[in-house]
Asks: 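Dropping a structure here in structure tokens format, bear with me for questions.
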Amino acid sequence: MNFVEELRWRGMLHDIMPGTEELLNKGMVSGYIGFDPTADSLHVGSLAQIMTLIHFQLAGHKPFALVGGATGMVGDPSGKSAERNLLNEEDLQHNLNGIKGQLERFLDFSDASNSAEMVNNFDWFKEYNFLDFIRDVGKHITVNYMMAKDSVKNRINGDTGMSFTEFSYQLVQGYDFYYLWKNRNCALQMGGSDQWGNIVTGTELVRRKGRGEAFALTTQLIKKADGTKFGKSEGGNIWLDAAKTSPYKFYQFWLNTSDDDAKTYIRIFTLFDKTTIEAMEAEHDAAPHLRTLQKALAKDITLRVHGETEYIKAIKSTEFLFGNTGIDFLSELNDEEVLAIFSGVPNFTVDKAELEAGIPVTDLLAAKTAIFPSKGEAKKMIQGGGVAINKEKAGTPDDIYNAGNLINNKYLVVQKGKRNYFLIIAE
RNA sequence: GGGGGGAUACCAGAGCGGUCAAAUGGGGCGGACUGUAAAUCCGCUGCUUCGGCUACGAAGGUUCGAAUCCUUCUCCCCCCA
């Protein structure tokens with residue numbers, strides 16, 4: 001199956017420039033996707049783009065991952081209602097290194113003819129001076145053309161305005177495409193559907209400045225069935241970096257996908273083929289409470305991102321925390337085993353002597369640990385029935401916990417809501 | 001340069017001398033139901049040693065009492081030039 005058909009049946013394709021598919025069918029094509037270095041790790045939102053590159057490479061084409069050292073310094077106005085904060089060079093470099101390391105895990109960088117490559121647009125922009133740029137590049141694109149882009153129009157018609165810096169963004173990104181087309185024989189840029197305008201500025205530049213032809217393909221932005229934003233959980237982003245989002249939490253994120261979304265995501269985020277996916281769906285629909293799809297999805301992605309060891313740990317934690325095993329099960333484990341189960345769970349240490357004297361719950365949860373930001377909040381949630389300690393609901397905010405409540409004479413297991421676990425270690 | 005309007009909690013937005021820790025909606029969090037789903041319903045959404053304390057752009061002032069009135073400052077928007 002060719003690349004475009006692959007994206008199509010998976011529901012990933014959003015828009016494609018005429019002629020693109022024909023070009024791809026003729027033979028190996030080099031194509032690229034840009035990644036934003038706004039943080040030192042990619043998050044699940046970028047995963048769809050990574051998958052696009054994986055499919056691209058599997059179809060025999062040569063993928064480039066561009067990390068936007070230069071574009072990151074300017075800031076993309078697409079989808080942003082306000083001016084971006086600029087990153088300094090140092091932070092940017094730090095972020096680039098982090099992202100680079102992650103991308104290397106997903107694509108094949110071996111010596112194959114279609115081996116993946118990583119490029120940084122800072123390399124060709126750092127020496128490019130302003131006057132040369134506006135003469136050589138700016139000359140080819142009219143302001144009228146640039147203003148017609150939705151990303152620009154929205155900002156000009158809105159009330160936040162837009163700086164010249166952000167306005168020039170599309171030229172900078174457009175030049176990336178031109179550069180890669182000219183020097184690396186790169187004929188296709190891909191990206192999320194919000195990138196269409198920027199990508200097309202690139203193909204336009206190739207046409208006008210290079211008198212050549214370049215192509216564009218965009219993918220669907222990931223949405224959740226209920227309309228809320230994809231990729232967030234309990235307020236935070238879900239990162240690919242294990243230090244930012246533990247593999248356990250990562251696994252949980254996917255496991256908690258709704259039925260509707262799971263059907264979409266299994267196509268986008270896994271490489272299972274069509275018949276396999278349809279069979280999984282049928283199985284899921286026959287017994288939805290077993291959550292076959294969610295489990296397959298969470299497993300596949302966690303394996304790809306974190307590897308087998310971390311996946312197994314995540315499963316073990318999940319089985320203990322959400323399975324039928326009572327809290328007594330913990331007392332059969334040694335310290336090492338307990339910590340393994342709670343490895344992805346935030347943990348806090350309290351002084352054992354203090355606990356022996358007895359600590360009121362609210363102090364325990366808000367002052368001695370950071371499970372709650374304030375005692376008032378801890379109190380309210382206890383009253384609302386949202387807190388459990390050692391799998392038993394905390395009764396009143398005045399309860400006092402002492403050494404007698406410890407499991408193995410050492411641990412307290414705290415639940416905030418049903419799904420958020422914390423481990424308190426007394427020592 | 002001239003004239004007008006505005007700044008309220010995470011966001012939007014009411015309040016225009018006490019009854020305001022501040023309506024309402026959204027968001028967030030939690031509970032019930034369930035399948036760690038969706039939908040639905042319900043509760044919470046400034047801190048606290050539970051006495052109070054700090055809050056309505058900033059600083060002063062009037063008043064027994066200010067988010068509300070006055071003065072100055074900062075920022076934003078609109079119209080005219």
Side-chain angles (χ1 to χ4, degrees), chain A residues 80-83 155-163 223-238 246-266 280-281 283-299 301-302 314-326 341-342 344-346 358-368 370-389 391-400 413-422:
Chain A
K80 306 282 185 306
S81 56
E83 185 79 12
R155 287 282 293 278
I156 289 179
N157 298 334
D159 46 34
T160 45
M162 173 184 218
S163 68
K223 286 195 215 83
K224 291 209 292 185
D226 61 7
T228 58
K229 204 168 177 184
F230 167 77
K232 302 255 182 186
S233 164
E234 278 96 49
N237 265 322
I238 300 296
S246 70
Y248 159 74
K249 238 191 134 187
F250 186 85
Y251 179 82
Q252 284 286 319
F253 169 77
W254 295 103
L255 194 67
N256 276 300
T257 308
S258 72
D259 290 4
D260 285 345
D261 289 332
K263 290 177 185 175
T264 315
Y265 297 171
I266 195 100
M280 284 197 267
E281 277 176 344
E283 197 187 332
H284 178 92
D285 288 337
H289 61 281
L290 295 178
R291 292 177 296 154
T292 319
L293 276 178
Q294 283 89 339
K295 283 177 187 162
L297 181 69
K299 176 180 179 180
I301 305 176
T302 307
I315 284 280
K316 287 213 167 128
S317 306
T318 295
E319 277 168 3
F320 171 71
L321 296 173
F322 294 96
N324 294 323
T325 28
I341 279 183
F342 285 91
V345 170
I359 302 176
V361 220
T362 49
D363 281 329
L364 185 68
L365 302 181
K368 304 291 175 201
I371 296 171
F372 285 92
S374 75
K375 285 199 230 173
E377 202 164 308
K379 187 174 164 184
K380 277 171 200 149
M381 205 175 283
I382 290 169
Q383 284 167 338
V387 176
I389 294 180
K391 295 214 172 184
E392 297 217 1
K393 286 223 160 139
T396 76
D398 305 320
D399 286 354
I400 292 182
V413 178
V414 179
Q415 268 168 285
K416 176 165 127 188
K418 262 183 293 202
R419 286 179 260 174
N420 304 301
Y421 279 89
F422 302 86

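Just so it is clear: chains get the letters A, B, ... in the order the sequence lines come, proteins before strands, and each one is counted from 1.
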Asks: Please report the closest heavy-atom contact between Y421(A) and L321(A), naming both atoms and the distance.
Replies: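 Heavy atoms of Y421(A) and L321(A) come nearest at OH-O, 2.6 Å.
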
Asks: Now, which nucleotide makes the Watson-Crick or G-U wobble pair with A12(B), with each of the two distances under 3.5 Å?
Replies: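 Answer to the pairing question: U24(B), which forms a Watson-Crick or G-U pair with A12(B).
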
Asks: Identify the nucleotide, in any strand shown, that forms a Watson-Crick or G-U wobble pair with C41(B), with both distances under 3.5 Å; if there is none, say none.
Replies: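 Pair assignment: C41(B) / G31(B).
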
Asks: Should the side chain of Q294(A) and the base of U36(B) be counted as holding a donor-acceptor pair, with the cut-off at 3.5 Å?
Replies: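 No pair found.
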
Asks: Please classify the nucleic acid contact of D261(A) as base, sugar-phosphate, or nothing, using heavy-atom distances under 4.0 Å.
Replies: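 No contact at all - D261(A) keeps every heavy atom at 4.0 Å or more from the nucleic acid.
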
Asks: Show me the donor-acceptor pairs within less than 3.5 Å that the side chains of residues 290-299 of chain A make with the rest of the protein, sequence neighbours left out.
Replies:
{"unit_1": "Q294(A)", "atom_1": "NE2", "unit_2": "T257(A)", "atom_2": "O", "d": "2.8"}
{"unit_1": "Q294(A)", "atom_1": "NE2", "unit_2": "D259(A)", "atom_2": "OD1", "d": "3.0"}
{"unit_1": "K295(A)", "atom_1": "NZ", "unit_2": "L290(A)", "atom_2": "O", "d": "3.2"}

Asks: For the residue pair Y265(A) and W254(A), categorise the inter-ring angle as parallel (less than 30°), tilted (30 to 60°) or perpendicular (more than 60°).
Replies: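 Perpendicular.
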
Asks: Can you check the distance between A39(B) and G27(B), where both ends of the measurement are the P atom (answer in whole Å)?
Replies: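 Roughly 11 Å separates the two P atoms.
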
Asks: How would you label the contact of D260(A) with the nucleic acid (heavy atoms, under 4.0 Å): base, sugar-phosphate, or nothing?
Replies: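 Nothing, no nucleic acid heavy atom in range.
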
Asks: With both distances kept under 3.5 Å, what pairs with C75(B), Watson-Crick or G-U wobble?
Replies: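 Because both required distances fall under 3.5 Å, C75(B) counts as paired with G6(B).
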
Asks: Whether S374(A) contacts G46(B) is assessed here as follows: a side-chain N or O lying under 4.0 Å from the phosphate OP1 or OP2. Is that the case?
Replies: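 Answer is no, no contact under 4.0 Å.
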
Asks: Please table the atom pairs, donor to acceptor, closer than 3.5 Å between any side-chain atom in residues 371-385 of chain A and protein atoms at least two apart or in another chain.
Replies:
{"unit_1": "S374(A)", "atom_1": "OG", "unit_2": "E377(A)", "atom_2": "N", "d": "3.2"}
{"unit_1": "K375(A)", "atom_1": "NZ", "unit_2": "D363(A)", "atom_2": "OD1", "d": "2.8"}

Asks: Using Watson-Crick or G-U wobble geometry with both distances below 3.5 Å, tell me the partner of G60(B), or none.
Replies: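 The answer is C70(B), by the H-bond criterion.
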
